[in-house]
There are 4 protein chains.
Amino acid sequence: MRVPEFAPQPSQVLYVAVADHVAARIASGDLKVGARLPAERDLAVEYGVSYVTMRRATAVLRERGLIVTVHGRGTFVAESPPAETIEDA
Amino acid sequence: MRVPEFAPQPSQVLYVAVADHVAARIASGDLKVGARLPAERDLAVEYGVSYVTMRRATAVLRERGLIVTVHGRGTFVAESPPAETIEDA
Amino acid sequence: MRVPEFAPQPSQVLYVAVADHVAARIASGDLKVGARLPAERDLAVEYGVSYVTMRRATAVLRERGLIVTVHGRGTFVAESPPAETIEDA
Amino acid sequence: MRVPEFAPQPSQVLYVAVADHVAARIASGDLKVGARLPAERDLAVEYGVSYVTMRRATAVLRERGLIVTVHGRGTFVAESPPAETIEDA
DNA sequence: GTGGTCTAGACCACA
DNA sequence: GTGGTCTAGACCACT
């Protein structure tokens, strides 16, 4: 997975930074395809952020196609994460 | 204020039994008018029931006019609990 | 502007309902192209919702291309609102 | 702009004067250790200064170690205000 | 017991 | 003085 040189430091925006960190866990195989992530509330505690901030982070990951969310079920690592997570312009 | 006679032998339906117990707390002044009840999740833990059961119980109390619920704010003891707590059929 | 038959009543989701109402004000000419909307905080008060809910509403309008937002300046009615506000599938 | 009679000969720089006044309130025990200060916007109104000026004032107090700020929570009187409130140059 | 929405109100970045 | 982010914690919808 390619990491852009123009973004060496994590985002200054907290929910993006959290999203990036989870994305890295997925990319590294720590979170495997199809696996269920911890509950958003638990992730919020794990990252030391509020539930709302964690929700924004997962929203980012959803938009990136890295996770899929099912109401009442959980959030799961998406089947085929798109290569163009960062558009390769 | 009158406490319902049906309390001595509580309802066999769990969420009604829980609702009755909360109603008794309101009637006894343990929960005063205008006071905010504990969060539904906390009440569920307190009564040792599932969240869904607790939600049904609060729905019953809402129908009885004993509490009012405000999304995102909480549930509160209603101003003037109606005399016909049990519908006057 | 076409209104889908499958959505006769306003959205049950509050921020969408608010967004729809603002959209209607734009469509009706109440809010003209290029005009600045009231501050989001004022709109929140006007609609009787929290600031966060209003922000979600404006986010919806932004996604629909109906408004543009400038940090520190305000939010404005977009130049050419797209015809396919509701995709005509 | 001249203002405060409240300090003997206050700083000519407005935001420093405001910071000094808040510092005096902390020193006098009016604002106790661990207490939350009023919101920055409220302080701005209270002192009759702009929000930016108030932000500069709180920045000064932060640098002096008199207050700590938590995003989304508030600003609080620091635990142990250093003796060298004015840097010992 | 999960994700989804909402409230109230704080600080932050910008023009 | 605007929009942007964040906190803390509530109720709602769904499985």
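Lettering of chains follows the sequences in order, A, B, ..., and the numbering in each one begins at 1.
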Asker: If you compare all heavy atoms of B:Leu61 against all heavy atoms of B:Ala19, which two are closest, and at what distance to 0.1 Å?
Answerer: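 Heavy-atom minimum between the residues: CD2-O, 3.4 Å.
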
Asker: Could you list the residues that satisfy side-chain contact (heavy atoms from CB on, under 4.5 Å) with B:Glu46, not counting sequence neighbours?
Answerer: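 Residues passing side-chain contact (heavy atoms from CB on, under 4.5 Å) with B:Glu46: B:Arg25, B:Pro38, B:Leu43.
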
Asker: For DNA chain F, report each stem as range with range, ordered by first number, or say none. Use Watson-Crick or G-U wobble pairs under 3.5 Å, at least 3 in a row.
Answerer: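 The stems that DNA chain F takes part in, listed by first number, are E:1-14 with F:1-14.
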
Asker: The criterion is side-chain contact (heavy atoms from CB on, under 4.5 Å); which residues satisfy it with B:Arg56, sequence neighbours excluded?
Answerer: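 side-chain contact (heavy atoms from CB on, under 4.5 Å) list for B:Arg56, sorted by chain: B:Tyr15, B:Val52.
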
Asker: Which is more 5' along DNA chain F, the nucleotide nearest C:Thr75 or the one nearest A:Gln12? Just name the residue.
Answerer: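 Its nearest nucleotide being more 5', the pick is C:Thr75.
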
Asker: Atom CZ of C:Arg56 to atom P of E:dT7: distance rounded to whole Å?
Answerer: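 Those two atoms, CZ and P, are 11 Å apart.
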
Asker: Which is more 5' along DNA chain F, the nucleotide nearest B:Arg62 or the one nearest A:Met54? Just name the residue.
Answerer: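 That would be A:Met54.
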
Asker: Identify the pairs formed between an N or O of the protein and an N or O of nucleotides 13-15 of chain F at a distance under 3.5 Å, and give each distance.
Answerer:
| from | atom 1 | to | atom 2 | distance (Å) |
| --- | --- | --- | --- | --- |
| F:dA13 | N3 | A:His71 | NE2 | 2.8 |

Asker: Tell me: CD of D:Glu40 to P of E:dA13, nearest whole Å?
Answerer: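 Value for this atom pair: 11 Å.
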
Asker: Round to a whole Å and report the spacing from CG of A:Asp42 to P of E:dT2.
Answerer: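 To the nearest whole Å, that distance equals 6 Å.
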
Asker: Would you say A:Glu40 and A:Thr58 are linked by a side-chain donor-acceptor pair, where the criterion is simply a distance under 3.5 Å?
Answerer: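 Note: A:Thr58 and A:Glu40 side chains meet the donor-acceptor criterion.
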
Asker: Measuring only between side-chain heavy atoms, which start at C-beta, is C:Val77 closer than 4.5 Å to C:Lys32?
Answerer: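 No, every pair of side-chain atoms sits at 4.5 Å or beyond.
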
Asker: So what does C:Thr58 hit on the nucleic acid, given a heavy-atom distance under 4.0 Å: a base, only sugar-phosphate, or nothing?
Answerer: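 Here C:Thr58 touches no strand at all.
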
Asker: Does C:Val13 or A:Arg36 map to a spot on DNA chain E nearer the 5' end, using the closest nucleotide for each?
Answerer: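 Closer to the 5' end of DNA chain E: A:Arg36.
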
Asker: Please state how far atom CG in C:Leu14 lies from atom P in E:dA8, giving the value in whole angstrom units.
Answerer: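 From C:Leu14 CG to E:dA8 P: 11 Å.
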
Asker: Mind calculating the distance between CG (D:Leu61) and C1' (E:dC11) to the nearest angstrom?
Answerer: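 Rounding to the nearest Å, CG of D:Leu61 and C1' of E:dC11 are 15 Å apart.
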
Asker: I need the full list of ring pair (Phe, Tyr, Trp, His ring centres under 6.0 Å) pairs touching residues 16-48 of chain B, with sequence neighbours left out, sorted by first then second residue.
Answerer: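 Checked against ring pair (Phe, Tyr, Trp, His ring centres under 6.0 Å) - neighbours excluded - the pairs reaching residues 16-48 of chain B are B:His21-B:Tyr47.
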
Asker: Will you find, in the side chains of A:Thr75 and A:Arg36, an N or O donor that is under 3.5 Å from an N or O acceptor?
Answerer: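 Judged by distance alone, the side chains do not pair up.
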
Asker: Under 4.5 Å side-chain heavy-atom separation, chaining through any Ile, Leu, Val, Met, Phe, Trp or Tyr, what else clusters with C:Val68? Say none if it is isolated.
Answerer: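 C:Val70, C:Phe76, all in the cluster of C:Val68.
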
Asker: Using a cut-off of less than 4.0 Å, is there contact between a side-chain N or O of C:Thr53 and OP1 or OP2 of E:dT7?
Answerer: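 The answer is yes; a side-chain N or O of C:Thr53 sits under 4.0 Å from OP1 or OP2.
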
Asker: Rounded to the nearest Å, what distance is computed from the CZ atom of residue B:Phe76 to the C1' atom of nucleotide F:dC11?
Answerer: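 Spelled out: CZ on B:Phe76 to C1' on F:dC11 is 11 Å.
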
Asker: Using a heavy-atom cut-off of under 4.0 Å over every strand shown, decide if D:Ser50 touches base, sugar-phosphate, or nothing.
Answerer: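 No contact at all - D:Ser50 keeps every heavy atom at 4.0 Å or more from the nucleic acid.
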
Asker: Just wondering, do C:Asp20 and C:Arg64 contact through their side chains at under 4.5 Å, heavy atoms?
Answerer: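 Side chain of C:Arg64 against side chain of C:Asp20, heavy atoms only: contact under 4.5 Å found.
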
